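The structure appears below as structure tokens.
On a predicted model such as this, the values are computed, not experimentally measured, just so you know.
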Amino acid sequence: MFAPLEGKVGQDIIKSYSIDTEKTDSILLYSNENGLSIKSTAALKIAIRLGFPLNILSIFLIIPTFIRNQVYDYIAKNRYKWYGKKETCMIPTPKLKSKFLM
């Protein structure tokens, strides 16, 4: 499921882990079992759950976090230049909307 950082669930996680949202502009992955993951670790742990072939990306978890996060930050900084940016946001379908926590 997904939760916006501005919502109640997101704010609860931010407070629980004392996350400085001014310094952390990234993806966060939270689970009761594994706690909180940020940046490249979060992205790779999500990839594991996406199935083949994306789950193969999890091999990069063997690379030290500080190196992975440098690559993550470089990609994040340049993604709009490489892939473009949409002028409008997608309106979620009811099925997709049901996956969001507020």
>> Run the side-chain contact (heavy atoms from CB on, under 4.5 Å) test against S98 and tell me which residues pass, sequence neighbours left out.
In response: none
>> According to ring-ring contact (aromatic ring centres under 6.0 Å, His included), does anything in residues 48-78 pair up with another residue at least two apart or in another chain? List the pairs.
In response: Y74-W82
>> What verdict does the side-chain contact (heavy atoms from CB on, under 4.5 Å) test give for I46 and L29, after you've listed the backbone C-alpha separation in whole Å, the side-chain angles of each residue and the deciding distance to 0.1 Å?
In response: CA-CA 8 Å; I46 290 168; L29 174 64; 4.1 Å; yes
>> Are I27 and Y17 linked, directly or through intermediate hydrophobic residues, by side-chain heavy-atom contacts shorter than 4.5 Å (ILVMFWY only)?
In response: no
>> Taking side-chain hydrogen bond (donor to acceptor under 3.5 Å, both in side chains) as the definition, give me every residue that meets it alongside S58, ordered by chain and number, with sequence neighbours left out.
In response: none
>> Atom CD1 of residue position I56 - does it have more than 12 heavy atoms of other residues, nucleotides or ligands inside 6.0 Å?
In response: yes
> With sequence neighbours excluded, what pairs up with N34 under the side-chain contact (heavy atoms from CB on, under 4.5 Å) test?
Replying inline: S31
> Heavy atoms, side chains only, cut-off 4.5 Å: are N55 and R49 in contact?
Replying inline: no
>> How close do I59 and I62 get, counting heavy atoms only, and between which atoms?
In response: O-CG1, 3.1 Å
>> On a heavy-atom basis, which atom in A47 and which in L54 lie closest, and how many Å separate them?
In response: CB-O, 3.6 Å
> Looking at residues at least two apart in the chain, or sitting in another chain, which of them share a side-chain contact (heavy atoms from CB on, under 4.5 Å) with T65?
Replying inline: T41, R68, N69
> Applying the 4.5 Å side-chain criterion to the ILVMFWY set and letting contacts propagate, would L44 and Y30 be lumped into a single cluster?
Replying inline: no
> Are N78 and K81 side-chain neighbours, meaning at least one heavy-atom pair lies under 4.5 Å?
Replying inline: yes
> Roughly how far apart are L57 CG and S40 OG, rounded to 0.5 Å?
Replying inline: 11.5 Å
> Mind checking whether L61 and L50 sit in one hydrophobic cluster, side chains of I, L, V, M, F, W, Y counted as touching below 4.5 Å?
Replying inline: yes
>> Testing the basics here: between A42 and S37, what is the closest heavy-atom pair and its distance to 0.1 Å?
In response: CB-O, 3.5 Å
> Do K8 and D12 meet the salt-bridge criterion of a basic N to acidic O distance under 4.0 Å?
Replying inline: yes
>> The criterion is side-chain contact (heavy atoms from CB on, under 4.5 Å); which residues satisfy it with L5, sequence neighbours excluded?
In response: I14, L28
